[in-house]
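These notes concern the structure reproduced below.
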Amino acid sequence: MHYLQIADDKYGSDELSSLVSSGLSLLGLDSYRTIRVSTKNNRISIGFKTLEDANTTRTIAGVPPHPRNKTFRSRDVSQFVLALFSVATTSTNNVA
């Protein structure tokens, strides 16, 4: 089984999918249908129901919005997870 190391922790594909799901939910981006993570290839694909949530996720990852594609893809799961939780943490800290 392949793992990705983020900071001092190692994560498998299922763990990363769950982690990403939690981060998206913290931001209210809950229209995702699928989250697929490949630790072997360091890739992630998230299928959304709404274009708005897909483009917000692209913005978090530093990727330009797409006019029609509801699927977010990244070739660097580790970087995306760090960006996602950086935004989620900042967002929840500013609400309190």
Strictly distance-based, threshold 3.5 Å: is any side-chain N or O of [X] a donor or acceptor partner for the main-chain N or O of [Y]?
| X | Y | value |
| --- | --- | --- |
| Gln5 | Ala7 | yes |
| Ser45 | Arg73 | no |
| Ser17 | Ser13 | yes |

| field | Derivation of the side-chain contact (heavy atoms from CB on, under 4.5 Å) call for Leu27 and Leu84 | value | CA-CA 9 Å; Leu27 294 172; Leu84 178 63; 3.8 Å; yes
Hey, are the side chains of [X] and [Y] touching, using non-hydrogen atoms and a 4.5 Å cut-off?
| X | Y | value |
| --- | --- | --- |
| Leu24 | Ile35 | yes |
| Val77 | Tyr11 | no |
| Phe80 | Thr57 | yes |
| Ile44 | Phe72 | yes |

| remark: When every non-hydrogen atom of Ala88 is compared with those of Gly23, the smallest separation belongs to CB-O, 4.3 Å
Return a table of donor-acceptor pairs under 3.5 angstrom between the side chains of residues 63-71 and protein atoms on other chains or two or more places apart.
{"from": "His66", "atom 1": "ND1", "to": "Arg68", "atom 2": "N", "distance (Å)": "3.0"}
{"from": "His66", "atom 1": "ND1", "to": "Asn69", "atom 2": "N", "distance (Å)": "2.9"}
{"from": "Asn69", "atom 1": "OD1", "to": "Thr71", "atom 2": "N", "distance (Å)": "2.8"}
{"from": "Lys70", "atom 1": "NZ", "to": "Lys49", "atom 2": "O", "distance (Å)": "3.3"}

| task | Flag yes if Leu51 and Ile46 sit in one hydrophobic cluster, no otherwise; membership is Ile, Leu, Val, Met, Phe, Trp, Tyr, and two members link when side-chain heavy atoms are under 4.5 Å apart. | result |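 Different hydrophobic clusters.
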| request: Any pair with a residue in residues 19-32 that passes side-chain hydrogen bond (donor to acceptor under 3.5 Å, both in side chains), sequence neighbours left out, goes on the list, sorted by first then second residue, please. | output: Ser21-Tyr32, Ser31-Thr50, Ser31-Asp53
| Contact list for residues 77-86, test side-chain hydrogen bond (donor to acceptor under 3.5 Å, both in side chains), sequence neighbours left out | none
| request: Would you give the length of the straight line joining atom CG of Leu4 to atom NZ of Lys40, rounded to the nearest 0.5 angstrom? | output: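 Output value for this atom pair is 13.0 Å.
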| Listed partners of Asn41 passing side chain to side chain contact (heavy atoms under 4.5 Å, CB included), at least two apart | Ser38, Arg43
